[in-house]
Amino acid sequence: MPQLNDLSRSLVALDQDSTIIAVVELSQSSWLVAGVLPGIERQPQKKLEPSAERLLGLLHRWRDEAVRAGKKITRIALAFEAGRDGFWLARWLNARGVEAHVIHPSSVAVSREHRRAKTDRLDTELLKRGFLGWLRGERGHCSMARVPTIAEEDAKRPNRERECLVGERTRIVNRMKATLARLGVRNFKPTLRKAAERLATVHTPEGTPLPRNVLAELQRDMARLGFVVSQIREIEQARQKRLEQETETGPHAMVRQVARVIGIGIETADMLVHEVLSRPMRDRKAVARYAGLTGSPDESGARRREQGLARAGNARVRRGMIQLAWRFLRFQKQSALAQWYRARTADSRLGTRKTMIVALARKLLIALWRFVTTGETLDGVILRPAG
């Protein structure tokens, strides 16, 4: 019986005599399109400029060619790898009657030879073989990425923009501290409210004011820091307003529900909901894999070793969940998960705590996914009052 949201194989029967199959190798300067046409012995390839209209015109031309060969075309299936161009092309083609799929690049098997030929033409042959196997319903050829709606993609932007701005704020503060440290000044904190006013009164240990050029540089950095901080505050205020105005909307309701857990703030809840919890996941294993919290064992014959995390999932979710797991141990000491962690790290062996915190992060993410999707309660977890 096929599983829900299983994108490892096609669930639609393939009639190759009535289906045009095409793959596209995308790049910034050109697109190479390769196809399999019913009734046509050759397998055409065509290099195009990056244009969705030119691609659609080529597919229609191939369809007319197959019709002239005596075939009735009822389906056009096209695939390309996920990458810089995102998912807009798949949405655009689906709206125009083309069945477009996005392939996980890491799911396509490639030769492991140290030196191997690699060209766009060879890449399209690999994609074509993998896509044909996927269309036939066979597992192991490749896996498809779920194509999100433009609204789902847009909902991720505030959290990701804030993450970039927080990183920029840290870089500015570290640069200012390094500049002052070279002059022996170590007690100045750029993040204080009146730091810009106090900057002019800072003196070096020799008792001299800051050099003119250094002072000018620091003042410009303070202006940048103030602008970045104001943008972070603007994003947070806009998000809070959306949560207050759209309390019953799906993702917003999930954010409020996750934020009820003591130890999880609005920022973490917003990231988890829009990055993973609101996605239609097949099962708990798919949730853990998407977060990049599963292992990568290396077993061959008598050799058995663990290579650590697979790191093939969402890095934002992985980093956020590991940080949340440490925080969870502090705020939810009586929960079943915290007790499970303490029982397995009681021997105090070297490295056990760091290894088990990943397992705790994985279990916690699965528990939160069940909490917001099925309403399953979190055993022993303290919740904030609803509302």
Side-chain angles (χ1 to χ4, degrees), residues 106 159-160 162-164 166-167 169-171 173-174 177 191 254-255 257-277 279 281 283-300 302-374 376-384:
S106 59
N159 185 272
R160 295 186 177 187
R162 184 186 180 279
E163 182 182 6
C164 292
V166 169
R169 181 182 63 186
T170 303
R171 283 191 291 271
V173 170
N174 289 344
K177 288 183 177 180
T191 54
M254 282 187 180
V255 171
Q257 187 177 2
V258 173
R260 288 185 60 201
V261 179
I262 300 293
I264 301 181
I266 289 292
E267 184 61 39
T268 302
D270 184 74
M271 182 274 294
L272 290 177
V273 167
H274 289 110
E275 294 288 347
V276 59
L277 297 181
R279 295 174 62 91
M281 292 293 186
D283 52 23
R284 61 184 181 85
K285 293 182 179 180
V287 175
R289 281 196 301 270
Y290 180 80
L293 293 171
T294 54
S296 52
D298 182 16
E299 298 184 4
S300 178
R303 182 180 64 190
R304 298 286 191 277
R305 69 187 183 97
E306 183 63 49
Q307 301 179 107
L309 293 179
R311 296 185 181 275
N314 190 315
R316 290 182 179 86
V317 178
R318 180 171 62 247
R319 290 193 302 265
M321 283 308 304
I322 292 176
Q323 293 173 5
L324 176 59
W326 289 114
R327 199 161 64 242
F328 187 83
L329 291 175
R330 178 182 175 186
F331 288 95
Q332 301 285 352
K333 296 180 180 179
Q334 302 305 317
S335 65
L337 287 176
Q339 293 176 7
W340 173 86
Y341 175 83
R342 286 196 297 269
R344 279 157 179 77
T345 56
D347 56 3
S348 301
R349 287 184 300 171
L350 184 64
T352 302
R353 294 179 75 247
K354 291 179 66 176
T355 301
M356 294 307 298
I357 201 65
V358 177
L360 176 62
R362 181 170 59 247
K363 285 179 171 291
L364 179 57
L365 178 60
I366 293 170
L368 290 173
W369 172 67
R370 288 171 171 165
F371 178 55
V372 299
T373 55
T374 66
E376 183 177 331
T377 57
L378 302 169
D379 191 8
V381 171
I382 305 172
L383 302 178
R384 296 183 179 93

J.: Kindly compute the distance separating NZ (Lys363) from CD1 (Ile366), expressed to the nearest 0.5 Å.
T.: 7.5 Å

J.: Can you give each donor-acceptor pair under 3.5 Å made by side-chain atoms of residues 289-296, sequence neighbours left out, with the distance rounded to 0.1 Å?
T.:
from   : atom 1 : to     : atom 2 : distance (Å)
Tyr290 : OH     : Glu275 : O      : 3.1
Tyr290 : OH     : Asn314 : ND2    : 3.3
Ser296 : OG     : Gly308 : O      : 2.8

J.: Is there side-chain contact between Val166 and Arg169, with heavy atoms separated by less than 4.5 Å?
T.: yes

J.: Counting neighbours of CZ on Arg304 that are heavy atoms of other residues, nucleotides or ligands and sit closer than 6.0 Å, is the number greater than 12?
T.: yes

J.: Taking all non-hydrogen atoms of both residues into account, name the closest pair between Arg344 and Thr352 and its distance.
T.: O-CG2, 3.6 Å

J.: Give, for atom CD of Glu376 and atom CZ of Phe371, the distance between the pair rounded to the nearest 0.5 Å.
T.: 10.5 Å

J.: Under a 3.5 Å cutoff, is there a donor and acceptor pairing between the side chains of Thr268 and Arg327?
T.: yes

J.: Find the distance between NE2 (His274) and CE (Met271) and round it off to the nearest 0.5 Å.
T.: 12.0 Å

J.: Between Leu360 and Ile322, is any pair of side-chain heavy atoms under 4.5 Å apart?
T.: no

J.: For Arg330, is the CZ atom crowded, meaning more than 12 foreign heavy atoms sit under 6.0 Å from it?
T.: no

J.: What are the two closest non-hydrogen atoms of Trp340 and Met356, and how far apart are they?
T.: CH2-CE, 3.4 Å

J.: Please check if atom CD in Gln307 has more than 12 non-hydrogen atoms from other residues, nucleotides or ligands closer than 6.0 Å.
T.: yes

J.: To the nearest 0.5 angstrom, please state how far the CZ atom of Arg318 sits from the CG atom of Leu309.
T.: 6.5 Å

J.: Any idea which heavy atoms bring Ala259 and Ile266 closest together, and the distance?
T.: CB-CD1, 3.8 Å

J.: Got a donor-acceptor contact below 3.5 angstrom from the Arg260 side chain to the Arg384 backbone?
T.: yes

J.: Sequence neighbours excluded, which residues qualify as salt bridge (charged side-chain N to carboxylate O under 4.0 Å, His left out) partners of Arg316?
T.: Glu163

J.: Tell me whether Gln332 contacts the main-chain N or O of Ala338 through its side chain, where contact means a donor paired with an acceptor under 3.5 Å.
T.: no

J.: Hey, does Asp379 have a side-chain heavy atom less than 4.5 Å from the side chain of Leu337?
T.: no

J.: Which heavy atom of Ser335 sits nearest a heavy atom of Phe328, and at what distance?
T.: OG-CE2, 3.2 Å

J.: Is any side-chain heavy atom of Asn159 closer than 4.5 Å to a side-chain heavy atom of Glu267?
T.: yes

J.: Roughly how far apart are Leu368 CG and Leu277 CG, rounded to 0.5 Å?
T.: 6.5 Å

J.: Could you check whether atom CZ of Arg353 has more than 12 heavy atoms from other residues, nucleotides or ligands sitting under 6.0 Å from it?
T.: no

J.: Do the side chains of Asp283 and Lys285 get close enough for a salt bridge, i.e. N-O under 4.0 angstrom?
T.: no

J.: State, with a plain yes or no, whether a side-chain heavy atom of Val261 is found less than 4.5 Å away from one of Leu383.
T.: yes

J.: Rounded to the nearest 0.5 Å, how far does OG1 of Thr373 lie from CD of Gln257?
T.: 9.0 Å

J.: Return the minimal non-hydrogen interatomic distance between Arg370 and Thr374, and the atom names on each side.
T.: O-OG1, 2.8 Å

J.: Only one of Asp270, Val273, Leu272 forms a side chain to side chain contact (heavy atoms under 4.5 Å, CB included) with Met254, so which one is it?
T.: Val273

